[in-house]
Structures are given as structure tokens and as C-alpha cells.
Chemist: 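Here it is, the structure, as C-alpha cells.
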Number of protein chains: 2
Amino acid sequence: MDSDRRRRPTLDTVAAAVGVSRATVSNAYNRPDQLSSSLRERILETARSLGYAGPDPVARSLATRSSAAVGFMLPQGLSGAFSDPALSIVLDGLASTVDGHDHSLVLMPGDATGGPRPSIVSRAQADVMVAYSLPDSAPAFDAVAARGLPLVVIDQPVLPGSARVEVQDYAGATSAASHLLALGHSAFGILTFSLHPDGASGPVTFERRSDVPFRVSRDRLGGYLDTLEKGGVQPDNVPVWEARGSDRELGRLGARWLLTRTPRPSALLCASDQLAFGALQAARDLSLTVPRDISVVGFDDVPEATYSDPPLTTVRQPLADKGRRAGELALKLLAGGRPPRPTRLDVSLVERASTAPRT
Amino acid sequence: MDSDRRRRPTLDTVAAAVGVSRATVSNAYNRPDQLSSSLRERILETARSLGYAGPDPVARSLATRSSAAVGFMLPQGLSGAFSDPALSIVLDGLASTVDGHDHSLVLMPGDATGGPRPSIVSRAQADVMVAYSLPDSAPAFDAVAARGLPLVVIDQPVLPGSARVEVQDYAGATSAASHLLALGHSAFGILTFSLHPDGASGPVTFERRSDVPFRVSRDRLGGYLDTLEKGGVQPDNVPVWEARGSDRELGRLGARWLLTRTPRPSALLCASDQLAFGALQAARDLSLTVPRDISVVGFDDVPEATYSDPPLTTVRQPLADKGRRAGELALKLLAGGRPPRPTRLDVSLVERASTAPRT
DNA sequence: TTGTAAGCGTTATCAG
DNA sequence: CTGATAACGCTTACAA
């Protein structure tokens with residue numbers, strides 16, 4: 001059962017074998033310039049033959065008070081989260097940034113509370129945390145604060161002392177809605193992802209529209225609704241469907257509902273491209289032609305938006321930059337920097353072929 | 001710059017404040033039964049007021065020689081990896097399993113070598129590693145071995161001392177190809193993902209078909225080709241396209257090429273559902289109707305296969321189980337267990353509407 | 001260029 | 001139920 005429990009070699013083992021002190025062996029790994037290269041070679045060689053794989057990461061972390069890892073907190077489980085390519089792109093930007101600095105990434109999936117459990121956060125070996133689109137009052141935030149860890153927040157509002165990177169969601173939503181209004185549309189439907197972290201899907205009741213803890217959902221939905229209202233469309237008359245995630249199939253489901261209302265919307269505003277792709281699908285299912293019969297606009301501008309059928313009119317946000325920027329901020333906080341003023345990334349409407357004047 | 005550098009409280013700080021020994025405070029957190037609940041309450045209360053967030057994870061790890069984390073090694077960067085929902089599902093199964101045991105997940109993205117850099121692996125704070133579909137001789141494996149960490153391998157062949165979970169890829173591919181043969185097809189095209197970790201995309205030359213280091217690609221491609229040959233189809237006459245990832249758009253690209261060969265294939269064998277969805281798209285682009293003009297079969301059976309247009313005939317593999325099983329194995333190795341005999345998960349052909357008899 | 005010694009914050013063993 | 005004391009494996013002044 002512990003046949004391989006024969007003690008693994010340590011710095012001391014190697015030091016003893018070579019006949020030098022432990023500090024010297026440590027230097028061989030961490031400060032090559034502190035010893036003759038011949039000695040260093042000899043040390044490394046001996047280490048290899050002893051089966052010593054280099055300084056133990058945990059012990060090193062304890063001594064340096066740094067674990068060289070950034071924690072990434074998600075609002076939900078992995079499979080839900082990754083059904084949206086937007087997250088993958090952000091995470092990739094983040095990963096490549098921290099990876100380039102020899103830091104690793106600790107993933108903390110969320111549960112029904114809309115974020116990782118506090119116990120997970122308290123025990124995570126990371127020296128900076130990145131929160132991705134967590135709901136406003138996720139318990140995970142308290143755990144981070146209790147540990148005094150630096151925090152960078154993506155897509156969430158002010159949290160004292162944290163660094164932030166955010167996107168002009170409200171403005172983006174506004175431009176999308178204005179675009180449709182300018183095309184002459186007056187019957188709308190809105191497809192949004194989670195408003196509350198309870199995993200509900202369905203038509204959105206009026207109460208559910210208030211106190212939305214997900215800032216992104218709040219801003220996009222608010223931007224759509226406010227703009228429509230300014231354009232003379234009664235928000236109460238706009239059907240809204242909430243999907244439990246940003247997922248194509250969920251979008252298809254919701255869009256089917258929206259497109260079977262009476263009167264039928266001539267334009268659909270979607271909170272993400274994935275949802276919009278689902279809407280495209282739903283339209284096909286109902287033998288409606290986009291954009292002739294109905295216009296669809298998305299949000300994000302993921303790569304597929306260029307290739308979809310038809311190519312999607314959408315609000316572009318710089319996803320990879322978002323991740324990279326979050327990575328840089330994390331690294332900066334790690335280096336002892338103060339949180340700089342929030343990075344606000346721009347969005348812009350990209351007009352493709354899924355929208356057309358109302359006929 | 002270090003205004004918050006005022007030393008964080010430690011076990012000793014709390015112990016002193018309460019007037020007990022450090023061990024007692026430790027017990028308050030780790031062995032509630034070892035002290036009176038009133039004392040425990042008092043300790044926890046004081047800790048809270050002192051801003052002590054509980055035992056430091058790193059120090060705890062050093063003392064217990066366990067970091068309560070499992071490392072997950074990927075063959076490529078995150079964005080590439082996550083464009084395939086199959087990975088998300090596997091990872092979710094893994095995450096929920098280890099999460100349930102209060103372990104966290106350390107992600108190690110790969111680079112051009114087809115796996116994470118050895119330096120990353122050497123320093124990762126994890127006490128068991130899971131390799132996901134790495135190429136046969138990834139340098140990452142050496143790093144794992146050097147550290148003497150237990151290893152569980154998903155979708156890769158024998159590595160001495162490691163636990164394995166794998167899927168009957170060859171058999172699955174065989175059944176897919178047989179199905180098409182039985183339908184009377186004789187002109188085929190094959191769409192595969194990476195054969196070699198060099199990120200190349202394009203028609204597959206003959207040399208490239210040998211010494212394929214990715215077992216999954218090797219088995220699926222081999223299963224297709226061998227079966228076709230047994231069915232009387234000359235493998236040399238079967239065009240094969242290699243996509244650099246399992247991604248819908250890359251599949252569309254490859255399928256476009258395959259579908260414009262002369263003679264045009266009447267059936268496409270795809271190494272994954274994502275690739276197959278791309279093929280469906282490509283067929284539409286070329287005004288071909290599936291399955292009337294061409295039959296398409298995928299591999300994986302991701303949820304979307306049920307809903308695609310048309311629903312996809314594909315080889316089902318139990319993705320979530322794969323992840324869960326890997327998680328259980330990791331936990332078992334962690335507990336000191338010996339690697340059990342490999343878990344082999346079954347596959348089965350699911351016939352939907354993307355295949356039809358040759359007309 | 002190399003060695004000494006003092007931490008880093010815990011857990012664990014074993015008396016009391 | 002509580003408390004010394006010894007690990008855990010390493011980094012890092014500082015001294016030689």
C-alpha cells in the first residue's frame with residue numbers, strides 16, 4: 001500500500017550527495033549566477049541520478065509566500081460555462097498571459113449560489129483571484145476578502161479595493177436596439193441569459209426584472225428595454241425569455257417561444273451570440289427567413305458570427321483582450337501594485353446579414 | 001506600495017489572543033471533536049475579529065504533504081480545447097467529482113509540443129495529474145514521472161504505473177464505417193482532427209498517416225480506413241482532411257474540400273461531432289442535401305447532435321462518465337490505491353437522420 | 001563562491 | 001481536553 005513510500009529525495013539529500021550545503025543546491029535551481037557553472041552542472045546531474053525533480057512547489061511557496069497561481073472563479077459548473085465560446089476566449093487570453101509568467105491557473109467552478117463555495121475559495125492555493133461574471137453578492141467574494149487576496153473582477157460592478165475590467169454592455173445593448181429601431185422595427189422579442197443564479201428558464205415575469213444580480217444581464221437587458229422605450233415601444237409589451245445559460249440550444253428553445261407570440265416579433269435582441277445562433281435555428285424550424293421575416297442581433301461577436309447562416313449582426317466586444325487585461329491586472333496586483341482605475345473596453349455594432357429593414 | 005503588508009494573523013496570533021496554544025487553535029479548525037464547543041466558538045470568534053481567514057492553505061499542504069488539488073493537462077491552449085464541447089463535458093464530470101471531495105482543479109494548457117511545458121508541470125501544486133488526450137511522447141509525461149506523481153490518463157495508451165480510462169474508439173469507428181457500407185456507400189471522405197501536434201491543417205499525405213501520436217485520432221482514423229478496406233474500398237482512394245482542432249469551422253473548411261473532390265464522396269466519416277456539424281454546414285453551403293446527397297456521421301454524441309439539422313448519426317461515448325471515472329481514479333490514487341485495470345467505456349452507434357442509403 | 005541559521009505557517013505525536 | 005515540540009522542504013539574508 002505504501003511500497004513507494006520510500007522517502008522522496010529533498011534538497012538535503014542532494015546536498016549531502018554532492019557534498020555541499022542545502023543553500024547551494026537551492027541556488028543551483030534559483031540563482032544560477034550564484035555558483036560556478038561546473039558546480040551547478042554537477043549538482044543538477046546528481047539530482048537527476050537521485051530522482052530529485054526540483055524544489056518542492058509547496059515548500060517553495062511557503063518560503064516565498066507566493067504560490068504562482070491565479071484562481072479563476074466561475075458562476076457555474078464547467079459544462080454550462082464552456083458552452084459559451086466567449087468564456088473560452090476570455091479564459092484563453094488570461095491563461096496565455098499568466099502562463100507566460102509561469103503562473104498556473106486554478107479553476108473554481110460555481111454551484112447554485114452563483115459562484116464557488118467559500119470553503120473552496122478559502123483553501124485554494126492561489127495568490128490572486130479573478131472573478132468572472134459572478135452575481136453581485138456571491139459568498140465567494142467574502143471568502144476572498146477574508147483571505148485578503150487581491151481580486152480582479154471581470155464584468156461585475158465596484159468591489160472596494162479590486163481591479164476591474166469591464167465592457168460597455170449597456171452602451172452596446174443600446175446601439176443594437178437603436179439599429180433595429182432605425183430599421184423600422186416595432187415588434188420585438190428579447191432573449192437573455194440568467195438574470196438570477198437560480199437556474200430558471202422561461203418567460204420573464206415583471207418582478208424578475210428587478211434586482212438582477214448579474215451585471216451583464218442587467219445592463220444588456222436594461223440597455224435593450226430603455227432604448228426601445230425611448231423609441232416608443234412599451235417595455236411591457238416586449239416579451240422576454242430567460243435562458244438558464246448562454247447556450248445555443250437554450251436559445252433555440254426561447255426563440256421558439258418568442259417567435260410564436262402574437263403579434264410575432266419582427267426583431268429579436270439576444271444577450272449573446274450563442275443565444276442568437278439558437279434563434280437563427282428556431283427561425284429555420286418555423287420556416288421563417290432571416291432577415292426577411294425576422295431580424296436577429298447577437299452580442300459578443302464570437303468567430304462563428306462571421307460564418308453563420310446568415311452572418312450575424314452583433315455587438316463586438318474584445319474578448320481576448322478582456323482575458324489578457326485581466327491577466328495583466330492579476331499579475332500587477334501580485335507585484336504589489338494598487339488596483340488601477342477600471343479598464344473599460346469598447347464595444348461596437350457589427351452589421352452583417354441577420355438584420356434588415358422591416359418589410 | 002506595501003501599505004497592507006502589515007503581517008496577516010497566523011495561528012499563533014489567534015492562539016495568543018485567546019490564551020491557548022497553537023495546537024488548540026488548529027484543532028478548532030480541523031478536529032472540532034477535540035475541544036469543547038464553547039472553547040471552539042470562542043476561538044473562531046476571536047479569529048474572525050482578528051481577520052484570520054483560517055489555516056493557510058500552503059502551510060497546511062506542506063505539513064500534510066497534500067495540496068488537495070488535481071492537475072489537468074491539456075494538449076493545447078484553452079480556446080482551441082474548449083471549442084469542443086466534448087472536453088467541457090468530460091472536465092465537468094471530473095470537476096464535480098473532485099469538487100465533491102474538496103479538491104480543486106489546476107489547469108495546465110498545452111503548447112506546440114502537444115502538452116503543457118515541463119516547467120509548468122514541475123511547479124504545479126497538485127498531487128495527482130490527469131492527462132487528457134496528450135500525444136504519446138509529450139514531455140509533460142516525463143515531468144510527471146520525475147515528480148513521482150500518480151497519473152491518470154484519459155484517451156492515451158499504456159503508461160507504466162498509470163491509471164487509465166479509455167473508450168473503444170477503434171470499435172466505434174468500425175461501427176460507423178460499417179453502417180455506411182451497409183447503406184451501400186462506396187465513395188467516402190474522412191474528416192479527422194489533429195494527427196500530429198504541429199497544428200497543421202489540410203489534406204493528409206500518406207506519410208502523415210503513420211506514427212500518429214494521438215491515440216484517439218489514430219484509432220478512429222484506423223477504424224474507418226481498415227473497415228472501408230475490408231468493405232472493398234481502397235484506402236488510397238479515400239481523401240482525408242486533417243483539421244487542426246475539433247472545431248465546427250475547421251470542419252466546414254475541410255468538408256468543403258472533401259465535397260469538391262472528384263468523384264464526390266457520398267458519405268463523410270468525421271472524427272467528432274463538431275467536425276460533423278461543420279460538414280453539415282459545408283453541405284448546405286454547396287447546396288447539397290443531407291442525407292439525400294450525402295451522408296454524414298460524427299463521433300461523441302454531444303447534446304447538440306440530437307437537435308442539429310438534420311439530427312446527427314454518430315458514435316456515442318459516455319463523456320460525463322469518462323470525466324467522473326477519471327476523477328474517481330485520481331482520488332483513489334491519491335488515497336494510496338494502486339492503479340486498477342483500465343476502465344474501458346463502451347461506445348454505440350446512434351442512428352439519426354444524417355445518414356441514408358446511397359441513392 | 002559557498003555555508004550558516006533563521007524563518008515560512010501548519011499538522012502531528014505524545015505527554016499531561 | 002490541552003499543550004510542548006518536532007517535523008514538513010525550502011528560501012534568503014548574512015557571514016565566511
Side-chain angles (χ1 to χ4, degrees), chain A residues 5-44 46-47 50-68 122-125 127 146-149, chain B residues 5-44 46-47 50-68 122-125 127 146-149:
Chain A
R5 246 201 188 309
R6 74 148 198 281
R7 233 168 189 44
R8 307 229 80 221
T10 74
L11 266 193
D12 282 314
T13 320
V14 179
V18 180
V20 296
S21 88
R22 187 199 325 169
T24 302
V25 180
S26 173
N27 281 335
Y29 284 96
N30 304 312
R31 310 186 175 176
D33 50 308
Q34 296 294 295
L35 36 60
S36 67
S37 64
S38 65
L39 175 58
R40 180 172 132 92
E41 241 342 298
R42 194 150 56 90
I43 292 178
L44 263 26
T46 317
L50 253 36
Y52 178 71
D56 178 280
V58 175
R60 175 206 286 263
S61 289
L62 180 59
T64 58
R65 295 179 237 16
S66 136
S67 46
S122 309
R123 302 155 105 104
Q125 293 184 24
D127 22 44
R147 285 185 61 180
L149 290 179
Chain B
R5 245 195 188 312
R6 73 148 201 280
R7 235 168 185 46
R8 308 229 80 220
T10 73
L11 267 193
D12 282 314
T13 321
V14 178
V18 180
V20 296
S21 87
R22 186 198 329 168
T24 301
V25 180
S26 173
N27 281 336
Y29 283 96
N30 304 311
R31 309 186 177 177
D33 50 307
Q34 295 294 295
L35 66 171
S36 68
S37 65
S38 65
L39 176 56
R40 181 172 132 88
E41 241 342 298
R42 195 150 56 90
I43 291 178
L44 263 26
T46 316
L50 254 36
Y52 178 71
D56 177 282
V58 174
R60 174 206 286 263
S61 289
L62 180 58
T64 57
R65 297 180 241 4
S66 137
S67 47
S122 309
R123 302 155 104 104
Q125 294 184 24
D127 24 42
R147 286 185 59 179
L149 290 180

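These values consider heavy atoms only, across backbone and side chains, with no hydrogens, waters or symmetry-generated copies. Below, chains carry the letters A, B, ... as their sequence lines are ordered, and counting in each starts from 1.
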Chemist: So, is A:Tyr29 close to the D:dT12 phosphate, meaning a side-chain N or O under 4.0 Å from OP1 or OP2?
Modeler: no

Chemist: Using modelled atom types only, decide if a donor and an acceptor are shared between the side chain of B:Arg123 and the backbone of A:Ala68 within a distance under 3.5 Å.
Modeler: no

Chemist: Check the distance between C:dA12's P and B:Leu35's CG and give it to me in whole angstrom.
Modeler: 15 Å

Chemist: Nearest to the A:Thr24 side chain among C:dT2, D:dC10, C:dG9, which nucleotide is it?
Modeler: C:dT2

Chemist: Report which part of the nucleic acid B:Val58 touches: base, sugar-phosphate, or nothing (heavy-atom distance under 4.0 Å, all strands).
Modeler: nothing

Chemist: Among the candidates D:dG3, D:dT11, D:dT12, find the nucleotide nearest to the side-chain atoms of B:Ala23.
Modeler: D:dG3

Chemist: Which residue lies toward the 5' end of DNA chain D, A:Pro55 or B:Ser36, if each is placed at its nearest nucleotide?
Modeler: B:Ser36

Chemist: If you check every side-chain atom of B:Ser21, which of C:dT2, D:dC10, D:dA4 has the closest atom?
Modeler: D:dA4

Chemist: Rounded off to whole Å, could you give me the CD-to-P distance for the A:Gln34 and D:dT12 pair?
Modeler: 11 Å

Chemist: Report yes if at least one side-chain N or O of A:Arg31 is closer than 4.0 Å to OP1 or OP2 of D:dT12; otherwise report no.
Modeler: yes

Chemist: Using only modelled atom types and a 3.5 angstrom limit, is any donor from either the side chain of B:Arg22 or the base of D:dT5 paired with an acceptor on the other?
Modeler: no

Chemist: Go through D:dG9, C:dT11, C:dT10 for me and flag the one nearest to the B:Asn30 side chain.
Modeler: C:dT11

Chemist: Given atom CG of B:Leu11 and atom P of D:dT5, what is their separation to the nearest angstrom?
Modeler: 18 Å

Chemist: Where is the tightest heavy-atom contact between B:Ala17 and B:Thr46, given as atom of each residue plus distance?
Modeler: CB-CG2, 3.8 Å

Chemist: Can you see whether A:Ser67 engages B:Gln125 through a side-chain donor-acceptor pair at a distance of less than 3.5 angstrom?
Modeler: no

Chemist: Measure the distance from CG on A:Asn27 to P on C:dG3 and round it to the nearest whole Å.
Modeler: 10 Å

Chemist: Report the distance from atom CG of B:Asp12 to atom P of C:dT11, rounded to the nearest whole Å.
Modeler: 11 Å

Chemist: Which atom names give the shortest non-hydrogen contact between A:Ala124 and B:Pro57, and what distance separates them?
Modeler: O-CG, 3.9 Å

Chemist: For the side chain of B:Leu62, starting at C-beta, report the closest nucleotide among D:dC10, C:dT4, C:dG9.
Modeler: C:dG9

Chemist: Measure CZ/A:Arg42 against P/C:dT1 and give the value in whole Å, please.
Modeler: 15 Å

Chemist: Check every atom of C:dG9, C:dG3, D:dT11 against the side chain of A:Ala63 and return the nucleotide holding the closest atom.
Modeler: D:dT11

Chemist: Distance check needed: C:dA12 C1' versus B:Arg60 CZ, whole Å only.
Modeler: 13 Å

Chemist: Write down the atom of A:Leu35, the atom of A:Thr24, and the distance for their closest heavy-atom approach.
Modeler: CD2-O, 3.5 Å

Chemist: Please give, in whole Å, the distance from C:dG9 P to A:Gln125 CD?
Modeler: 15 Å

